[in-house]
There are 2 protein chains.
Amino acid sequence: MNKRRSGIRHSSAGENDRQLMFSLVNTGRAIEQRLEEALVRVGLSLAKFGALTHLREAGEPISLSECAKKMTCVRSNITQLMDRLEADGLVRRVEDPQDRRAVKAALTRLGSARQTAGAKEVAKVQAELLKTLNGIDQDELRRALSAIK
Amino acid sequence: MNKRRSGIRHSSAGENDRQLMFSLVNTGRAIEQRLEEALVRVGLSLAKFGALTHLREAGEPISLSECAKKMTCVRSNITQLMDRLEADGLVRRVEDPQDRRAVKAALTRLGSARQTAGAKEVAKVQAELLKTLNGIDQDELRRALSAIK
DNA sequence: TATATATTATTCATATATGAATAAACGTCG
DNA sequence: CGACGTTTATTCATATATGAATAATATATA
């Protein structure tokens, strides 16, 4: 009576899997959105914060190609992003005497300060996220995410 | 000697948490990208497939506002998406006699067939994803995702 | 050295997304 | 009924992203 009948389910396995796949997509988007909302408070977007952070971590001007690699996006995207960052006064384009094709992006003082402000906002979102993950096996979650790669 | 010194870690807790948060974002993006790549083979994008699927599930024409709600996006986005779907011949705009402000989107036969083709591609990505999740506690993953909401 | 191939950034066309402003139609309430 | 506020879709400006085409410079090779 209580016996589980193997091979029979109310909702098909495929349906559950689809839900899982789209849950992964939607969760990523939801977190992105929270980050965007937090960053807009300091005049940044996630894209802008990412670029500033890579520049900060590099510790020196980096070429736009290098920046595109770090951000895993195409170069034309970086061209536009740097246009906006430059318009905001957060970044300066500098020539590379070693390679006259290249253009490097340099953080301005304002850009550096803005990155710091952004990082604080990101940390808040992170703390909130961690709270919601209370009672969840985070190691297993990490394992799942790195399996998907 | 082997004792764990509490409160001291090589990489700070905050750093791990940041990694986890960005892993969630990046995983979502990676899956999205796989879906886009699969769907482009049948002439669809994820956004287009989503709209077609909602129309299919509704079983009848739905207003653009309704579609925006289902897709959790703003209406101007749907206006543009429907422009493109209409240009592709996958959808037709029809008037709503009940409410003359409203415009409804109706699936064409081609749109319906395209949705079917898209669903097959999505299923393949899903199957691939499931394989990589071999050995992962999927219920715990589901729990984590629904905790984040 | 001269030519061919690579790489660099930019520009352009396009897709996706948001939010503000607008016009038309709907509903309500005095 | 008529004025007012709401809802509908659209348009516009903008941000983010891709990929193709282009121009300038580097590098390799014949």
Side-chain angles (χ1 to χ4, degrees), chain A residues 25-26 28-30 32-37 39-40 43-52 54 61-88 90-106, chain B residues 25-26 28-30 32-40 43-52 54 61-88 90-106 118:
Chain A
V25 171
N26 291 332
R29 284 186 181 179
E32 262 188 83
Q33 206 172 326
R34 286 180 219 177
L35 289 167
E36 296 282 5
E37 280 163 15
L39 285 166
V40 84
L44 286 177
S45 62
L46 189 50
K48 286 177 178 177
F49 175 70
L52 295 183
H54 286 303
I62 61 179
S63 75
L64 303 201
S65 272
E66 218 172 321
C67 192
K69 266 173 214 138
K70 285 182 201 291
M71 299 189 65
T72 37
C73 70
V74 301
R75 277 182 308 217
S76 59
N77 195 10
I78 299 297
T79 295
Q80 298 176 87
L81 183 57
M82 288 303 167
D83 287 347
R84 293 187 295 268
L85 284 168
E86 221 172 10
D88 291 347
L90 305 179
V91 146
R92 241 181 22 252
R93 274 177 167 94
V94 296
E95 297 181 0
D96 182 351
Q98 257 64 53
D99 184 341
R100 286 169 49 213
R101 291 167 304 179
V103 174
K104 294 194 164 190
Chain B
V25 171
N26 291 332
R29 285 184 181 181
E32 261 188 83
Q33 206 172 326
R34 286 180 219 178
L35 289 167
E36 296 282 5
E37 280 163 14
L39 286 166
V40 84
L44 287 177
S45 62
L46 189 50
K48 286 177 178 177
F49 175 71
L52 296 182
H54 287 303
I62 60 178
S63 76
L64 303 202
S65 273
E66 217 173 322
C67 192
K69 266 174 213 135
K70 285 182 200 290
M71 298 189 66
T72 39
C73 69
V74 300
R75 277 182 308 216
S76 58
N77 195 9
I78 298 298
T79 295
Q80 298 176 86
L81 183 56
M82 287 302 167
D83 287 347
R84 293 188 296 267
L85 284 168
E86 221 172 10
D88 290 347
L90 306 178
V91 147
R92 241 180 23 251
R93 275 177 166 92
V94 297
E95 297 182 359
D96 181 351
Q98 256 64 52
D99 184 343
R100 284 168 49 215
R101 293 167 304 180
V103 174
K104 295 195 164 189

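Proteins get letters first, then strands, A, B, ... in listed order; numbering begins at 1 in each.
One interatomic measurement links the two molecules: CD of B/Q33 to P of C/dT16, which rounds to 15 Å at whole-angstrom precision. For B/E32 and D/dT18, the CD to C1' distance is 14 Å, given to the nearest whole Å. One can place CD of A/E36 at 11 Å from C1' of C/dA17, the figure rounded to the nearest angstrom. Here the C1' atom of nucleotide D/dA17 and the CD1 atom of A/I78 are 10 Å apart, to the nearest Å. In this structure, A/M71 places its CE atom 14 Å from C1' of D/dT18, rounding to the nearest Å. In this structure, the CG atom of A/L64 is 5 Å from the P atom of C/dA9, given to the nearest Å. Remark: C1' of C/dT18 and CG of A/L46 are 15 Å apart, rounded to the nearest angstrom. Rounded to whole Å, the distance from CG on B/L35 to C1' on C/dT16 is 16 Å.
Note on residues 68-79 of chain A: pairs passing side-chain hydrogen bond (donor to acceptor under 3.5 Å, both in side chains), not counting sequence neighbours, are A/S65-A/R75.
Here CG of A/L44 is found 8.0 Å from CG of A/L85. Values are rounded to the nearest 0.5 Å. The CE atom of A/M71 sits 5.0 Å away from atom CD1 of A/I78, with the distance rounded to the nearest 0.5 Å. Note that CZ of A/R93 is 5.0 Å distant from CD of A/E86, once rounded to the nearest 0.5 Å. The OG atom of A/S63 lies 12.5 Å from the CD atom of A/Q98; values are rounded to the nearest 0.5 Å.
Every side-chain contact (heavy atoms from CB on, under 4.5 Å) that A/E32 has, sequence neighbours left out, goes to A/L46, B/V25, B/R29.
When all heavy atoms are compared, the tightest approach of A/V91 to A/A105 is CG1-CB, 4.1 Å. Closest approach of A/C67 to A/M82, counting heavy atoms only: SG-CE, 3.8 Å. Between A/P61 and A/V94, the closest heavy-atom pair is CB-CG2, 4.2 Å.
D/dA26 shows a glycosidic angle more than 90° from 0 and is accordingly assigned anti.
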Produce the list of close N/O pairs, under 3.5 Å, pairing protein atoms with atoms of nucleotides 12-15 of chain C; give distances to one decimal.
none

Write down the protein N/O and nucleotide N/O pairs, taken from nucleotides 21-23 of chain C, whose separation is under 3.5 Å; answer none if there are no such pairs.
none

Report, one pair per line, the protein and nucleotides 1-5 of chain D atoms (nitrogen or oxygen only) whose separation is under 3.5 Å.
none

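Listed in residue order, the members of residues 95-105 of chain B having a heavy atom less than 4.0 Å from DNA chain D are B/R101, B/A102, B/V103.
Nearest-nucleotide mapping onto DNA chain D: of B/D83 and B/K69, the residue sitting toward the 5' end is B/K69.
Candidate nucleotides C/dT8, D/dA9, D/dA17 were compared by shortest atom distance to the side chain of B/T79, and D/dA9 ranks first. Residue B/N77 places its side chain closer to C/dT16 than to any other of C/dT16, D/dA9, C/dT10.
C/dA6 is unpaired under the criterion used here, namely a Watson-Crick or G-U wobble arrangement in which both key atom distances are under 3.5 Å. D/dT25 is unpaired under the criterion used here, namely a Watson-Crick or G-U wobble arrangement in which both key atom distances are under 3.5 Å.
Here the side chains of A/R84 and A/S45 are not in contact, with every heavy-atom distance at 4.5 Å or above.
A salt bridge is absent between B/D99 and B/K104: the closest approach of a Lys/Arg side-chain nitrogen to an acidic carboxylate oxygen does not fall below 4.0 angstrom.
Residue B/S63 places none of its side-chain N or O atoms closer than 4.0 Å to OP1 or OP2 of D/dT8. The shortest distance between the side-chain N/O atoms of B/R75 and the OP1/OP2 oxygens of D/dT8 is below 4.0 Å.
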